[in-house]
Amino acid sequence: MEINRDVYLERLIVRKHNGFIKVITGIRRCGKSYLLNTLFYNHLKSENIAEEHIIKFAFDTAQDLIKIGEDPIILDNEKEDRKVDPSKFLNWLMPQIKGDEMHYLLLDEVQKLGAFESVLNGFLRNSNVDVYVTGSNSKFLSKDILTEFEGRGDEVHVLPLSFSEYYAFKQGEKGDAYADYSVYGGLPAVALMTTEEQKSNYLISQMKNVYLRDIILRYSVQDESALGEVMDVIASGISTLTNPRKIASTMNSVHGTTTCDTTVDKYIGYAEEAFILNRVKRYNVKGRKYIGTPYKIYFEDIGLRNARLAFRQIEETHIMENIIYNELRFRGYQVDVGTVESREKDTDGKDVRVQREIDFIATLGSKKYYIQSAYAIPNKEKYEQETMSFERTWDSFKKIIIVEKSMKPRYDENGYLMMGVKEFLLDANSLLV
């Protein structure tokens with residue numbers, strides 16, 4: 001069965017022939033190769049592009065390596081960092097680029113090609129070559145690769161399946177689908193699995209043997225247990241304000257370690273580079289400036305977060321907030337945590353400064369939305385707690401409250417848009433109501 005990734009496919013289509021190297025990045029196992037070699041390839045075929053003008057090569061498959069006379073043993077030599085000989089690859093490739101018609105070069109796991117930056121930059125001078133590449137292991141990370149392409153890389157970042165993509169594939173009752181998604185996340189391989197045992201074992205194994213292993217190899221991490229403990233503390237505290245010092249303090253008090261906040265900050269950076277985590281800064285709405293710390297941290301895939309904790313901490317409130325954050329990014333928004341400061345009277349009548357939080361400020365061009373993730377609003381007191389920050393922004397941007405229970409989008413008496421999380425996730429235009 002085919003899992004559609006129409007949003008990402010369209011992002012590739014609109015970038016055709018733009019003179020840039022299209023760099024498809026994302027966490028491992030999120031479906032980058034499938035997007036490029038199946039969905040985008042099928043699109044090119046549907047446009048009547050001749051087969052000989054679509055050149056595919058996967059540097060992680062023995063069959064393709066044999067084509068160019070390269071020894072497939074390279075696939076087993078990751079620790080030795082042995083690369084595919086660029087001369088062998090170019091000797092195979094160049095005779096296939098004939099005439100002035102456009103040729104489409106689809107390269108998978110390109111980080112295994114020696115001097116791949118120079119090789120691909122060379123194609124930027126060819127007006128008849130349109131280049132698309134993927135890469136995802138510990139040697140091919142977003143911040144590195146776009147720099148290497150001398151400003152001529154155009155990134156398409158792929159997330160694991162959004163809930164709408166997941167549900168379009170799984171179907172069934174929406175509540176059951178959401179419950180499954182909030183535990184096991186959106187990695188495509190997980191969506192194809194049928195039992196809870198399969199899903200949980202797969203996620204635990206991938207987190208340990210793929211994602212963290214990449215970090216350990218890339219950065220030569222010596223204290224693997226400390227890295228794991230940092231990930232555990234972060235996983236336990238998603239959607240809460242934190243900073244390296246707080247995480248280090250928790251580790252040292254709970255596990256009896258002596259890890260310093262500098263090391264914690266370094267490990268968080270490694271996990272960000274590997275697309276496992278996202279650090280979200282706070283933005284002062286009235287002061288119009290960013291605040292360094294504390295900040296929030298969310299997981300790129302909620303299933304990996306739960307797997308890191310062996311599925312022992314399924315807090316629906318925090319998980320829902322993480323899912324909403326990922327959905328906003330999937331839709332292309334820049335996402336910040338908002339803060340609003342005001343002067344208010346305390347219980348003794350004293351004038352004090354109060355800082356209130358807006359869960360998300362979602363920005364895309366001229367569009368801006370303030371969003372609160374409120375698992376439930378059982379009474380007036382909870383409603384006032386969630387909307388107090390809205391009232392103090394003193395601006396006209398749309399303000400939205402998302403709750404767990406099913407609720408079609410509607411405006412309340414204060415002009416705030418309210419909706420259920422499933423309705424928000426399944427309607428790409430839900431913020432535009």
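Only a predicted model underlies this, so the values are computations on that prediction, with no experimental measurement involved. The analysis underlying the following values was restricted to heavy atoms, covering all of them including side chains, and did not include hydrogens, waters or symmetry mates.
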(message) Can you confirm whether the side chains of R331 and S430 place a donor and an acceptor under 3.5 Å from each other?
(response) yes
(request) Any chance you could measure I297, atom CD1, to N278, atom CG, to the nearest 0.5 Å? (result) 9.5 Å
(request) Decide side-chain hydrogen bond (donor to acceptor under 3.5 Å, both in side chains) for E423 and S406; before the verdict, give the C-alpha distance in whole Å, the side-chain angles of both, and the deciding distance to 0.1 Å. (result) CA-CA 7 Å; E423 286 76 13; S406 184; 2.5 Å; yes
(message) Check this for me: does any side-chain nitrogen of one of K112 and D60 sit under 4.0 Å from a carboxylate oxygen of the other?
(response) no
(message) Looking at every heavy atom in both K83 and L113, which two are closest together, and how far apart are they?
(response) CB-C, 4.2 Å
(message) Please enumerate all residues that pass ring pair (Phe, Tyr, Trp, His ring centres under 6.0 Å) together with Y290, with sequence neighbours excluded.
(response) Y283
(message) For F169 together with Y167, are the ring centres under 6.0 Å from each other?
(response) no
(message) How long is the straight-line distance from NE2 of H53 back to CE of M102, given to the nearest 0.5 Å?
(response) 10.5 Å
(request) Kindly indicate, with the supporting measurements, whether the criterion side-chain hydrogen bond (donor to acceptor under 3.5 Å, both in side chains) is fulfilled by S225 and D223. (result) CA-CA 5 Å; S225 62; D223 194 345; 2.8 Å; yes
(request) Return the minimal non-hydrogen interatomic distance between D301 and P160, and the atom names on each side. (result) OD1-CB, 3.7 Å
(request) Using the test side chain to side chain donor-acceptor pair (under 3.5 Å), find all partners of T195 that sit at least two apart in sequence or belong to another chain. (result) Q198
(request) Test R279 against every option in E300, E272, E273 by the salt bridge (charged side-chain N to carboxylate O under 4.0 Å, His left out) rule and name the one that passes. (result) E272
(message) Hydrogens and angles aside, do N414 and Y383 bring a side-chain donor and acceptor to less than 3.5 Å of each other?
(response) yes
(request) Indicate yes or no for a side-chain donor-acceptor contact from T134 to the backbone of K32 under 3.5 Å, with no hydrogens or angles considered. (result) no
(message) Using a 6.0 Å distance limit plus a 45 degree cone around the ring axis, check whether R29 lies over the aromatic ring of Y34.
(response) no
(message) Among F40, F330, Y132, which residue satisfies the ring-ring contact (aromatic ring centres under 6.0 Å, His included) criterion with Y8?
(response) F330
(message) Treating Q372 as the side-chain partner and S389 as the backbone partner, does any N or O pair qualify as donor plus acceptor under 3.5 Å?
(response) no
(request) Would you check if the side chain of E224 reaches a backbone N or O of V221 as a donor-acceptor pair within less than 3.5 Å? (result) no
(request) For the pair E344 and R356, find out whether any cationic side-chain nitrogen is under 4.0 Å from an anionic carboxylate oxygen. (result) yes
(message) With side chain to side chain donor-acceptor pair (under 3.5 Å) as the rule and sequence neighbours excluded, what pairs involving residues 9-18 come up?
(response) R15-D154, K16-H43, H17-Y104, N18-K22, N18-D154
(request) Look up atom CZ in R282 and atom CD1 in I291, then write down how far apart they are to the nearest 0.5 Å. (result) 4.0 Å
(request) Would you check if the side chain of T250 reaches a backbone N or O of K246 as a donor-acceptor pair within less than 3.5 Å? (result) yes
(request) Could you tell me which residues satisfy ring pair (Phe, Tyr, Trp, His ring centres under 6.0 Å) with Y295, sequence neighbours excluded, listed by chain and number? (result) none
(message) Restricting to side chain to side chain contact (heavy atoms under 4.5 Å, CB included), what partner residues turn up for K382, sequence neighbours left out?
(response) I377, P378, N379, Q385, E386
(message) Once rounded to the nearest 0.5 Å, what's the spacing between atom CE of M251 and atom OG1 of T258?
(response) 9.0 Å
(message) Tell me every residue that passes side chain to side chain donor-acceptor pair (under 3.5 Å) with E51, counting only those two or more places apart in sequence or in another chain.
(response) Y41, K45
(request) For residues C30 and I27, report the shortest heavy-atom separation together with the two atoms involved. (result) SG-O, 3.1 Å
(request) Provide the closest heavy-atom pair for H318 versus S239 in the form atom of the first, atom of the second, distance. (result) ND1-OG, 2.6 Å
(message) For residues 359-379, which residue pairs pass the salt bridge (Lys or Arg N to Asp or Glu O under 4.0 Å) check, not counting sequence neighbours?
(response) K296-D359
(request) Give the minimum heavy-atom separation between T259 and A226, together with the two atoms involved. (result) OG1-CB, 4.3 Å
(message) Test: salt bridge (Lys or Arg N to Asp or Glu O under 4.0 Å). Region: residues 162-174. Which pairs qualify, not counting sequence neighbours?
(response) R5-E165
(message) Are more than 12 heavy atoms, taken from residues, nucleotides or ligands other than K405, located less than 6.0 Å from that residue's NZ atom?
(response) no
(request) Taking all heavy atoms of A248 and all of V264, pick out the closest pair and write down the distance. (result) CB-CG2, 3.8 Å
(message) Please confirm whether the ring centroid of F397 lies under 6.0 Å from the ring centroid of Y369.
(response) no
(request) Decide side-chain hydrogen bond (donor to acceptor under 3.5 Å, both in side chains) for T25 and E155; before the verdict, give the C-alpha distance in whole Å, the side-chain angles of both, and the deciding distance to 0.1 Å. (result) CA-CA 7 Å; T25 63; E155 182 181 16; 2.5 Å; yes
(request) Ignoring hydrogens and angles, tell me if any N or O in the side chain of Q222 forms a donor-acceptor pair with the backbone of S220 under 3.5 Å. (result) yes
(request) Check the side chains of T363 and Q334 for a donor-acceptor pair under 3.5 angstrom, ignoring hydrogens and angles. (result) no
(request) For K399, enumerate each residue passing the salt bridge (Lys or Arg N to Asp or Glu O under 4.0 Å) test, keeping only those at least two apart in sequence or located in another chain. (result) D395
(request) Among Y411, Y416, Y370, find the one that has a side chain to side chain contact (heavy atoms under 4.5 Å, CB included) with K398. (result) Y411
(message) I need the full list of salt bridge (Lys or Arg N to Asp or Glu O under 4.0 Å) pairs touching residues 227-243, with sequence neighbours left out, sorted by first then second residue.
(response) D232-R308
(message) Just by distance, no angles: are the side chains of S205 and N209 close enough, under 3.5 Å, to form a donor-acceptor pair?
(response) yes
(request) Provide the full list of side chain to side chain donor-acceptor pair (under 3.5 Å) pairs with a residue in residues 178-192, sequence neighbours left out, each pair given once. (result) Y166-D180, D180-K199
(message) Do E316 and Y375 pair up side chain to side chain, a donor and an acceptor below 3.5 Å, judged on atom types alone?
(response) yes
(message) Going by side chain to side chain donor-acceptor pair (under 3.5 Å), name the residues that satisfy it together with Y333, two or more places apart in sequence or in a different chain.
(response) none
